[in-house]
S.K.: 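This is the structure I have questions about; it appears just below.
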Amino acid sequence: MFLRIVVIGFTAFVAWIIHVANTGGSNIILDTVHTIPAGDKLGHFFVMGTFAYLVNLLLACKTFTLGRFRILNGSVIVLVCVVLEEITHMFIRTRTFSYLDLLSDFLGIVAFSILAVKTYPYIANLLNRASQRGLDTSM
């Protein structure tokens with residue numbers, strides 16, 4: 001349950017950031033990102049990477065096979081959402097479609113997916129131990 005709440009909260013955070021950007025608004029997060037050199041690209045990398053990390057943990061790092069590659073389900077879900085969201089920029093006057101944003105998203109998703117695979121056993125163990133102590137942390 002704990003991980004679900006975290007993923008829902010992070011999804012709401014990402015949706016809020018997208019909404020503010022789509023409406024041409026500003027907030028402290030977007031304002032800060034714009035003051036950092038390459039901040040937009042770093043933001044894409046870390047936000048979408050974190051999103052992929054959390055979704056992969058929620059889905060217990062489940063995979064499917066594509067040819068000789070094992071692909072994380074959560075990474076594909078996030079990648080599809082990211083691509084669709086970036087495509088919408090072509091139709092919103094306050095936004096600009098960017099291949100570099102997509103590349104930053106993709107690199108973040110890949111990097112944080114690798115991190116999810118490496119850390120999942122430890123995270124699952126921590127959540128299971130907390131659950132045994134009576135805390136509701138089921139995934």
Side-chain angles (χ1 to χ4, degrees):
M1 181 59 86
F2 173 75
L3 203 47
R4 287 181 194 163
I5 292 169
V6 171
V7 171
I8 290 168
F10 196 78
T11 302
F13 168 74
V14 170
W16 173 65
I17 293 293
I18 291 168
H19 170 71
V20 170
N22 284 350
T23 58
S26 69
N27 60 36
I28 192 161
I29 295 168
L30 292 176
D31 293 344
T32 302
V33 164
H34 293 296
T35 65
I36 301 169
D40 180 51
K41 304 310 174 242
L42 289 170
H44 278 268
F45 179 86
F46 284 105
V47 170
M48 294 308 153
T50 301
F51 198 23
Y53 179 80
L54 292 172
V55 172
N56 280 309
L57 290 182
L58 181 66
L59 299 177
C61 289
K62 298 259 192 285
T63 63
F64 65 93
T65 303
L66 185 62
R68 57 189 187 130
F69 297 101
R70 296 183 56 83
I71 311 291
L72 289 163
N73 296 349
S75 298
V76 171
I77 291 167
V78 172
L79 182 63
V80 167
C81 291
V82 162
V83 169
L84 292 173
E85 197 278 326
E86 191 67 33
I87 287 171
T88 66
H89 293 187
M90 293 182 209
F91 308 103
I92 301 171
R93 75 173 167 77
T94 58
R95 302 303 299 269
T96 306
F97 175 84
S98 169
Y99 286 110
L100 287 177
D101 286 352
L102 276 175
L103 177 61
S104 298
D105 293 331
F106 179 75
L107 292 174
I109 291 167
V110 169
F112 281 72
S113 295
I114 292 167
L115 183 63
V117 169
K118 300 279 187 197
T119 62
Y120 176 73
Y122 305 105
I123 301 295
N125 186 31
L126 285 173
L127 292 174
N128 285 335
R129 283 192 291 162
S131 170
Q132 291 171 354
R133 291 187 184 132
L135 301 173
D136 187 11
T137 59
S138 59
M139 290 191 234

S.K.: Less than 4.5 Å apart, side chain to side chain, heavy atoms only: is that true for V47 and I17?
M.R.: no

S.K.: Check for me, please, whether L54 and Y120 land in the same ILVMFWY cluster - side-chain distances under 4.5 Å, paths through other members count.
M.R.: yes

S.K.: Do E85 and I18 come close enough that some side-chain heavy atom pair is under 4.5 Å?
M.R.: yes

S.K.: Look up atom CD1 in I109 and atom OG in S75, then write down how far apart they are to the nearest 0.5 Å.
M.R.: 7.0 Å

S.K.: Any luck finding a side-chain donor-acceptor pair between T94 and N22 under 3.5 Å?
M.R.: no

S.K.: How are the rings of F112 and Y53 set relative to one another: parallel (under 30°), tilted (30 to 60°) or perpendicular (over 60°)?
M.R.: perpendicular

S.K.: Is the count of non-hydrogen atoms from other residues, nucleotides or ligands lying under 6.0 Å from F106 atom CZ greater than 12?
M.R.: no

S.K.: So do the side chains of D105 and F45 get within less than 4.5 Å of each other, counting heavy atoms only?
M.R.: no

S.K.: Just to verify, what does S98 make a side chain to side chain contact (heavy atoms under 4.5 Å, CB included) with, not counting sequence neighbours?
M.R.: K41, E86, L100, D101

S.K.: Looking at NE2 of H44 and CG of L102, how far apart are the two atoms once the value is rounded to the nearest 0.5 Å?
M.R.: 8.5 Å

S.K.: Starting from F51, can I reach F13 by hopping between I/L/V/M/F/W/Y residues whose side chains sit under 4.5 Å apart?
M.R.: yes

S.K.: Measure the spacing between CG of D31 and CD1 of I36 and express it to the nearest 0.5 Å.
M.R.: 11.5 Å

S.K.: Using the six-membered ring wherever Trp is involved, compare the ring planes of F97 and Y99 and label them parallel, tilted or perpendicular (cut-offs 30° and 60°).
M.R.: perpendicular

S.K.: As a quick check of understanding, evaluate side chain to side chain contact (heavy atoms under 4.5 Å, CB included) for L59 and I77, giving each step before the final call.
M.R.: CA-CA 11 Å; L59 299 177; I77 291 167; 3.9 Å; yes

S.K.: Give the cluster check for L57 versus V78: same hydrophobic cluster or not, with ILVMFWY residues linked at side-chain heavy-atom distances below 4.5 Å.
M.R.: yes

S.K.: Hey, what do you get for OG1 (T119) to CG (L126), rounding to the nearest 0.5 Å?
M.R.: 10.0 Å

S.K.: Mind checking the OG1-CZ spacing from T96 to R93? Nearest 0.5 Å is all I need.
M.R.: 12.0 Å

S.K.: Measuring from Y122:OH to L127:CG, what's the distance to the nearest 0.5 Å?
M.R.: 15.0 Å

S.K.: Which hydrophobic side chains are connected to V76, either touching it within the sub-4.5 Å cutoff or through other members that do?
M.R.: F64, L66, F69, I71, V80, L84

S.K.: Give me the atom names and distance for the closest heavy-atom approach of A116 to C61.
M.R.: O-SG, 3.6 Å

S.K.: Are L72 and L58 grouped together when hydrophobic residues (ILVMFWY) are joined by side-chain heavy atoms under 4.5 angstrom apart?
M.R.: no

S.K.: Determine whether a donor-acceptor pair (N or O, by modelled atom type, separation under 3.5 Å) exists between the side chain of N56 and the backbone of G74.
M.R.: yes

S.K.: Check whether any side-chain heavy atom of N27 lies under 4.5 Å from a side-chain heavy atom of W16, and answer yes or no.
M.R.: yes

S.K.: Between V83 and V55, is there shared hydrophobic-cluster membership here, with clusters defined by ILVMFWY side-chain heavy atoms closer than 4.5 Å?
M.R.: yes

